[in-house]
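Ligands are counted one by one from 1 in listed order, and the atoms in each one are counted from 1 as well. Just so we're clear, the structure is a prediction, and the values are computed from it rather than from any experiment. Residues take their numbers from the sequence shown, with the count starting at 1.
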Amino acid sequence: LSIHVVNKMGYEEFIKSFGNVVEHCSLCAAAVWRERPFRDAENLASCFGDFIDRLPISGKEGILRLHPDLAGRLAQAGQLTSESTREQASAGLNTMTEEERQRMTNLNKRYTQKFGFPFVICARENKKDAILRGLGERLENAPQTEAITGANEVKKICRLRLLDLVKPDSQLNS
Ligand SMILES: NC(=O)NC1=NC(=O)NC1=O
């Protein structure tokens, strides 16, 4: 997509195109549409980021609750969205040993029990060892801290998904 095409979209088309750049949260796209026109993909990503930053803690937690666990039940059942499937595979989460998977499952369960939302990290910026380490470390954080830390990871995931969708004109045969 060219940013010029994006800027001409009505909100239905915009939501259809960007409804999953924040996992299962088309509300974000529905809200960000009003900020058009966007200069480029980075500007579009920062509009999504600002929307997430402006949410109250309850809204940030809500966005985190919409995320699938890493290497969790949905992943093992092959029921992740295509974006999540690709991201989790890129971190090597689909090639874990049984021991690693067990450790991930236990840590995810402890994290979700403590915070009331799942552990979210940008899988494209981390490999499985960093993810397991991050999960163990962040488990010690205060709830308020983790809602914000998780939301910042969602912003990284969202930006990378947008950069996949919106290409600079130089890269398009427009
Ligand atoms: N719980 C998660 O962190 N999920 C995910 N992170 C990603 O980068 N993709 C996901 O599906």
Top protein contact for [atom], by heavy-atom distance:
atom                   : answer
atom 8 (O) of ligand 1 : Ala123 N, 2.8 Å
atom 5 (C) of ligand 1 : Leu70 CD2, 3.7 Å
atom 6 (N) of ligand 1 : Ile121 O, 2.9 Å

Please say whether [X] places an N or O atom under 3.5 Å from an N or O atom belonging to ligand 1.
X      : answer
His67  : no
Val120 : no
Arg161 : no
Asp69  : no

Answer yes or no: does atom CD of Gln171 have more than 12 heavy-atom neighbours from other residues, nucleotides or ligands under 6.0 Å?
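Yes.
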Tell me if a side-chain donor or acceptor on Lys156 pairs with a main-chain N or O of Ala151 at a distance below 3.5 Å.
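Answer holds: no.
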Check: Gly150 main-chain N/O paired with Lys60 side-chain donor or acceptor under 3.5 Å:
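Looks like no, no N/O pair under 3.5 Å.
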Which atoms from ligand 1 have a heavy atom of [X] less than 4.0 Å away?
X      : value
Ile157 : 6 (N), 7 (C), 8 (O)
Ser84  : 10 (C), 11 (O)
Glu87  : 7 (C), 8 (O), 9 (N), 10 (C)

Report yes or no: does Pro68 have a heavy atom closer than 4.0 Å to ligand 1?
yes
At what distance, to the nearest 0.5 angstrom, does [atom1] of [X] lie from [atom2] of [Y]?
X      : Y      : atom1 : atom2 : result
Leu162 : Cys47  : CG    : SG    : 10.0 Å
Arg86  : Asn94  : CZ    : CG    : 13.0 Å
Ile63  : Glu153 : CD1   : CD    : 13.5 Å

Check each heavy atom of Gln88 against ligand 1 and say whether those closer than 4.0 Å belong to the side chain, the backbone, both or neither.
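Side chain only.
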Where's the contact between Cys122 and ligand 1, heavy-atom distance under 4.0 Å: side chain, backbone, both or neither?
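The answer is the backbone of Cys122.
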Answer yes when [X] and [Y] have at least one side-chain N-carboxylate O distance shorter than 4.0 Å, and no when they do not.
X      : Y     : answer
Lys8   : Glu13 : no
Glu12  : Lys16 : no
Arg101 : Glu98 : yes

